[in-house]
Visitor: 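Just dropping this structure here.
First the proteins, then the strands, lettered A, B, ... as listed; each starts at 1. Just so it is clear, the structure is predicted and the values come from calculations on it, not from any experiment.
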Amino acid sequence: MRVLFLHVDYLEYEVTGKALKSIGEIPQERKHGRVEEALVCFLSAEKRDEKDPKAAALAAAKNIEDVAGQLHTKRIALYPYAHLSSDLAAPEPAQAVLAALEAELGKRGYEVHASPFGYYKSFRVSVKGHPLSELSREIVAEATPAVAEEPKEMVNEALKAEQRLVSHWHVLDTQGGFHPLSIEAGRVAGFDFAAHDRLRRFAQYEMAKSREVKEEPPHVRLMQELELVDYEPGSDPGNLRYYPKGRLIKGLLEEFVSQRVREYGAMEVECPVMYDFEHPALKSYLNRFPARQYVVQTPNKRAFLRFSACFGQFLIMKDMVLSYKQLPLSLYELTRYSFRAEQRGELAGLRRLRAFTMPDCHALVTDVAQAKEHMMVRMEVAWKLLQDCGFSLPDDFEVGMRVTEPFWKEHGDFVKAYARRWGKPILIEMWSEQFFYFVLKYEWNFVDANDKAAALTTDQIDTENAKRFGITYADEKGEKQFPYILHLSPSGAVERVLYALLEKAAADIKAGKPPMFPLWLSPTQVRIIPVSGDQLEHARKLLAAFDGVRADLDDTNDTLGKKIRRAEKEWVPYIVVVGKKEIESGKLNVRVRSTKAQEEMTPDRLRKLVMDATAGRPFRPLAENVLISARPIFRG
RNA sequence: GCCACCCUAGCUCAGUCGGUAGAGCAGCCGCCUUGUAAGCGGCAGGUCGGGAGUUCAAUUCUCCCGGGUGGCUCCA
């Protein structure tokens, strides 16, 4: 609510006409009025007052009383005046606020004159002109616990800091060459990008924030058409639904990432999804992490939903008894979910979500030297993992590295070694000082067809949080030391892995190649199609030859062409057609998606082909009924 | 969150200069028994995203809300 206070000799007004069509008639005697020696309050009720008109009226009454007290007047004129605010309440709630305010002031012993709401009025006013006679205030209702309006998001110090952040950009090539970048005429300059177009697009995205394409990301249509993932209007934006086939793929990715991180040596733990705002360490951590939180009201406190696994693992680590002999030491959790209340317009399909699944692995290391060494160990884990998920490295990604100037000066060799290992030039953002809890952070960014970049794998060297959370280890002398902490997400958010796979497939479509998932992720690996109903029984028996393979059977009585088409639209990698010939020969006619060829082979041979190509990856059985005719449609 | 645009059958889309809507595919029923990306016929299917307003009449015009897309901002 906004109020303009005027201490007046007199105020006179006269109704000239209705301002709102919906407003009721008023009696003749209310159509004009005059007050003398009064405190006039021009009032605008605002949107935010609608939630609790009573509380708004109460807060306003308190303010008016405060001002009236200083002016020693008991006479108050309330004058509805819409022009004080650009965010007005709707007429009904506004009238409710004003009525409640009038009643409240009456109760407090004031003589209250209220001019009518919803009418144009002419007025004359004589203002006294002393220092207190003109005054405006913006009044916000105090939140009472029972009806508290929770802030939709928390904007913390880190977010604000990031907005002020000044940084400088460079390209670091594999020979250690360091090229400062600048923006000239909207284009990134300072490095010859001729052989590195995607790095150019990434730098352009990061530095100039300008987009060259303005299209819907192709993965959105694909995720829907393939019945993998879809929007869920019944939830909050950025919280998606997964259909059986999407759940299958996501589940396999989740299992695979976790498997690899355990093999690397991390210990898997599980932590709560919500945390107390008032916990001292968390409170200060929140202010160093640039993210917006979901806020939840528990029965007796306000909590935020985790946006990563960091604090859960830190709270465990602070209670652990640790020796230098045990470091480096890693804890791991696959967070389903991590929550970030991203701004509405930032959400995009699977690229940017409010609820996402992030593998998060924190390693405690003794010092910078061990941090650097161990970061490279983890880099190899992530490298192999993404390769085995179906990506080409380093081709499919661009490194963005953020580093503080002091770290660069002291450990530039490490950064150069990293670029050499990566095998292509990397983009470096350098900060003159340490704004966040890390001194170095890298991300592997997938740059899509629309020149949008999305970070997948990321690791950081954290120099602050051990102190903040009280995490210590005993060194050789038995003295307590604060370790450094590495923050690795080996694959990045699982949803983003799926996003990148779909975007890659979309690029294949554009290039005239058949789009595919890696075999171990294909919802159907082998589709058996009988030529006609006569072969259906034989085809049914054939399923038994594909133990350990996701094989299904098109038992509809559609034509062969139609059944082939259906399988192709589902991206089935191996389509087995069974007719009279095959029954007689005992061989299968296999339509191979990747080569578009038809090949003759035995059932055993095909099974072995699939088993070999998926060895070492997790397996899940079919997500839906083995018979096509028994499957529902989730989405046309 | 801000600015712009979009929302019609399960899906993809027509359409109504304001008089409550149509196609293809999918679904169901029947015929066909199929040789490598859509066989034929019939039936059924809609609070035209939700609410309010203007109007004799709103899917159509206006406003609000929701969902989505693009841009800004921002990130795993």
Visitor: Which salt bridge (charged side-chain N to carboxylate O under 4.0 Å, His left out) pairs, counting each pair once, include a residue from residues 228-246 of chain A, with sequence neighbours left out?
Guide: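 Sorted result for residues 228-246 of chain A: A/Glu227-A/Lys245, A/Asp230-A/Arg635, A/Glu232-A/Arg241, A/Asp236-A/Arg354, A/Lys245-A/Glu624.
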Visitor: Out of B/G35, B/A26, B/U69, which has the shortest distance to the side chain of A/Val220?
Guide: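 Output: B/U69.
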Visitor: Quick one: the dot-bracket string of RNA chain B, using Watson-Crick and G-U wobble pairs with both distances under 3.5 Å, [ ] for crossing pairs and | for bases paired to another strand.
Guide: (((((((..((((.....[..)))).(((((.......))))).....(((((..]....))))))))))))....
Visitor: Would you check if the side chain of A/Arg402 reaches a backbone N or O of A/Trp431 as a donor-acceptor pair within less than 3.5 Å?
Guide: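 Such a contact is absent between A/Arg402 side chain and A/Trp431 backbone.
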Visitor: Heavy atoms only, 4.0 Å cut-off, all strands: where does A/Lys596 land among base, sugar-phosphate and nothing?
Guide: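 No contact at all - A/Lys596 keeps every heavy atom at 4.0 Å or more from the nucleic acid.
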Visitor: What's touching nucleotides 39-48 of chain B from the protein side, N or O pairs under 3.5 Å?
Guide:
{"unit_1": "B/G39", "atom_1": "OP2", "unit_2": "A/Thr559", "atom_2": "OG1", "d": "2.8"}

Visitor: How many Å lie between CZ on A/Phe436 and C1' on B/A76, as a whole number?
Guide: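 Spelled out: CZ on A/Phe436 to C1' on B/A76 is 15 Å.
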Visitor: OP1, OP2 of B/A76 versus side-chain N and O of A/Lys441: anything below 4.0 Å?
Guide: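 Checking B/A76 against A/Lys441, a side-chain N or O does come within under 4.0 Å of OP1 or OP2.
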Visitor: Would you classify A/Asp360 as touching base, sugar-phosphate or nothing, given that sugar-phosphate means primed atoms plus P, OP1 and OP2, and contacts are heavy atoms under 4.0 Å?
Guide: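 Nothing, no heavy atom under 4.0 Å.
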Visitor: Map A/Ser489 and A/Arg591 onto RNA chain B by nearest heavy atom, then report which one ends up closer to the 5' terminus.
Guide: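 Checking each residue's closest nucleotide, the 5'-ward one belongs to A/Arg591.
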Visitor: Please determine, for the side chain of A/Val577, which listed nucleotide (B/G71, B/G70, B/G35) has the closest atom?
Guide: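 Of the candidates, B/G35 comes closest.
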Visitor: So what does A/Leu456 touch, heavy atoms closer than 4.0 Å: a base, only the sugar-phosphate, or nothing?
Guide: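 Sugar-phosphate contact only.
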Visitor: Check every atom of B/G35, B/G1, B/C75 against the side chain of A/Arg340 and return the nucleotide holding the closest atom.
Guide: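 So the side chain of A/Arg340 is nearest to B/C75.
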Visitor: Take atom CG of A/Leu536 and atom C1' of B/U34, then tell me their distance rounded to the nearest Å.
Guide: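 Roughly 13 Å, once rounded to whole Å.
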Visitor: Rounded to whole Å, please give me the gap between CG in A/Leu347 and P in B/C72.
Guide: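 Between P of B/C72 and CG of A/Leu347: 15 Å.
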Visitor: Please enumerate all residues that pass ring-ring contact (aromatic ring centres under 6.0 Å, His included) together with A/Phe446, with sequence neighbours excluded.
Guide: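 Partners of A/Phe446 under the ring-ring contact (aromatic ring centres under 6.0 Å, His included) test: A/Tyr499.
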Visitor: Is a donor-acceptor contact shorter than 3.5 angstrom present between the side chain of A/Glu582 and the base of B/G35?
Guide: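 Yes, the side chain and the base share a sub-3.5 Å donor-acceptor pair.
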Visitor: What is the separation between atom CD1 on A/Ile529 and atom C1' on B/U33, rounded to the nearest whole Å?
Guide: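 Taking atom C1' of B/U33 as the reference, CD1 of A/Ile529 is at 15 Å.
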Visitor: Looking for any heavy atom pair under 4.0 Å, which part of the strands does A/Lys581 touch: base, sugar-phosphate only, or nothing?
Guide: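 Base, at least one base atom sits under 4.0 Å.
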Visitor: Could you check A/Asn445 against A/Thr556 and say which one's nearest nucleotide on RNA chain B is further toward the 5' end?
Guide: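 Result of the comparison: A/Thr556.
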Visitor: Rounded to whole angstrom units, what separation is found between the OH atom of A/Tyr231 and the P atom of B/C11?
Guide: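 It works out to 15 Å between those atoms.
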Visitor: Does A/Gly234 reach a base, just sugar-phosphate, or nothing at all? Heavy atoms under 4.0 Å.
Guide: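 Answer is nothing: A/Gly234 stays at 4.0 Å or more from every strand.
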Visitor: Atom CZ of A/Arg241 to atom C1' of B/G67: distance rounded to whole Å?
Guide: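 Distance, rounded to whole Å: 12 Å.
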Visitor: B/U73, B/A76, B/G67: which one has an atom nearest the side-chain heavy atoms of A/Gln343?
Guide: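 Given the options B/U73, B/A76, B/G67, the side chain of A/Gln343 is closest to B/U73.
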Visitor: Sort out for me which residue in A/Phe314, A/Tyr332, A/Tyr442, A/Phe438 forms a ring pair (Phe, Tyr, Trp, His ring centres under 6.0 Å) with A/His487.
Guide: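 Of the listed options, the one satisfying the test is A/Phe314.
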Visitor: Base of B/C75, side chain of A/Tyr205 - is there a donor-acceptor contact under 3.5 Å?
Guide: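 Donor-acceptor pair under 3.5 Å: yes.
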Visitor: State, without any angle test, whether A/Gln460 and A/Tyr437 hold a side-chain donor-acceptor pair at a distance under 3.5 Å.
Guide: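 Present: a donor and an acceptor within the cut-off.
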Visitor: Just checking, any donor-acceptor pair under 3.5 angstrom between side chains of A/Gln387 and A/Ser392?
Guide: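 Not at all, the side chains of A/Gln387 and A/Ser392 share no donor-acceptor pair under 3.5 Å.
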Visitor: Checking contacts here: which listed nucleotide (B/C13, B/G67, B/A76) is nearest the side-chain heavy atoms of A/Pro237?
Guide: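 Closest nucleotide among those given: B/G67.
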Visitor: Do the side-chain N and O atoms of A/Thr357 and A/Glu495 include a donor-acceptor pair separated by under 3.5 angstrom?
Guide: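 A/Glu495 and A/Thr357 do have a side-chain donor-acceptor pair below 3.5 Å.
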Visitor: Nearest-Å distance, CD (A/Glu216) to P (B/A4)?
Guide: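 It is 21 Å, rounded to the nearest whole Å.
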Visitor: Only counting residues at least two apart or in another chain, list the ones meeting ring-ring contact (aromatic ring centres under 6.0 Å, His included) with A/Trp422.
Guide: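 A/Trp422 satisfies ring-ring contact (aromatic ring centres under 6.0 Å, His included) with A/Trp383, A/Trp444 only.
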Visitor: Rounded to whole Å, how long is the line connecting atom CD of A/Gln598 with atom C1' of B/G35?
Guide: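 Rounded to whole Å, this separation is 9 Å.
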Visitor: Where the side chain of A/Asn450 meets the backbone of A/Lys452, is there a donor-acceptor pair that is under 3.5 Å apart?
Guide: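 Not confirmed, A/Asn450 side chain does not pair with A/Lys452 backbone.
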Visitor: How is A/Gly492 classified with respect to the nucleic acid when contacts are heavy atoms under 4.0 Å: base, sugar-phosphate, or nothing?
Guide: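 A/Gly492: backbone/sugar contact only, no base atoms under 4.0 Å.
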Visitor: In whole Å, what separates the P atom of B/G45 from that of B/C63?
Guide: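 B/G45 and B/C63 have their P atoms separated by 36 Å.
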Visitor: Can a donor-acceptor pair under 3.5 Å be found between the side-chain atoms of A/Arg496 and the base atoms of B/C75?
Guide: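 By the distance-only test, yes, there is a pair.
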Visitor: Have a look at A/Glu495 and say if it touches a base, only the backbone sugar-phosphate, or nothing, with a 4.0 Å heavy-atom cut-off.
Guide: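 The answer is nothing, as A/Glu495 stays clear of every strand by at least 4.0 Å.
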Visitor: Tell me whether A/Asn239 contacts the main-chain N or O of A/Ser235 through its side chain, where contact means a donor paired with an acceptor under 3.5 Å.
Guide: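 Not confirmed, A/Asn239 side chain does not pair with A/Ser235 backbone.
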Visitor: Under 5.5 Å between ring centres and under 30° between planes: does that hold for A/Phe356 against the base of B/A76?
Guide: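 Stacking between A/Phe356 and B/A76: present.
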Visitor: Nearest to the side chain of A/Ile633, which nucleotide is it out of B/U34, B/G27, B/A76?
Guide: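 Nearest to the side chain of A/Ile633 among the choices is B/G27.
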Visitor: Taking ring-ring contact (aromatic ring centres under 6.0 Å, His included) as the cut-off, I'd like each qualifying pair that reaches into residues 563-589 of chain A, sequence neighbours left out, listed once.
Guide: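 Output for this query lists A/Phe517-A/Trp571.
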Visitor: Hey, does the side chain of A/Asp558 reach the backbone of A/Lys562 with a donor-acceptor pair shorter than 3.5 angstrom?
Guide: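 Side chain of A/Asp558 to backbone of A/Lys562, a donor-acceptor pair under 3.5 Å: no, none is there.
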